[in-house]
Amino acid sequence: AQTVTQSQPEMSVQEAETVTLSCTYDTSENNYYLFWYKQPPSRQMILVIRQEAYKQQNATENRFSVNFQKAAKSFSLKISDSQLGDTAMYFCAFIQGAQKLVFGQGTRLTINP
Amino acid sequence: GAVVSQHPSWVICKSGTSVKIECRSLDFQATTMFWYRQFPKQSLMLMATSNEGSKATYEQGVEKDKFLINHASLTLSTLTVTSAHPEDSSFYICSAPFLLAGSTDTQYFGPGTRLTVL
């Protein structure tokens, strides 16, 4: 069974700093997709970034980028120039085949002014 | 595009009553939708997969007679919590897959429904 592990329950950084959230996963499949979702205090789940496993190039979305290491089964999220609005729970997620998302435990990120 | 709505956003009910939560894909069609439950400060727990035109598929440990799911159309799925009890109080979230060009289906989530059973 696929599993997703986020080893950092909480993180806190100052505004404008760069922060990296860790995620590892376990699968025997070769084709799959990885996601980072953000859940702010409103609790609306928001897609941050998506990575296709067959692509070697790391995905980027403005201030958000990933470091995808397929052999190591690692998928970390880097947030550059962090903003107060980035304060949220961040969930790493994996999907393959049957469209069932597998979520990590989440990392609570706080951006301090 | 890819907007998912949920109604109601919050509901308070008495123990023993039933509550219906609606999940709609507003600008796309979804033959499957997913229902999750989230406890405070925890991750999302998949409850069931809602299938248009057929029975829902429930995850292990989820009571299908307690949580009735109906996928009435390509844009609407409903979750009914029957004979609700205080332990059913939780945050319920639905999602629907949307196919992004050149990629795989990506799940888009509704805003969630907070259920409180007194």
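Letters go in sequence order (proteins before strands), and every chain restarts at 1.
Here the CG-CD1 distance, from A:Asp86 to A:Ile111, works out to 5.5 Å after rounding to the nearest 0.5 Å. The OH atom of A:Tyr90 sits 4.5 Å away from the NZ atom of A:Lys38 when rounded to the nearest 0.5 Å.
Per-residue heavy-atom pair counts under 4.5 Å with chain B were compared for A:Gln44, A:Arg43, A:Arg108, A:Gln105, and the maximum is reached by A:Arg43.
Heavy-atom distances place both the backbone and the side chain of B:Gln38 under 4.5 Å from chain A. In this structure, no portion of B:Ser95 lies under 4.5 Å from any heavy atom of chain A. For A:Gln39, the part lying under 4.5 angstrom from a heavy atom of chain B is the side chain only.
In terms of modelled atom types and a separation under 3.5 Å, the side chain of B:His71 and the main chain of B:Ala30 share a donor-acceptor contact.
Checked against the 6.0 Å centroid criterion, the rings of B:Tyr92 and B:Tyr36 do not qualify as a close aromatic pair.
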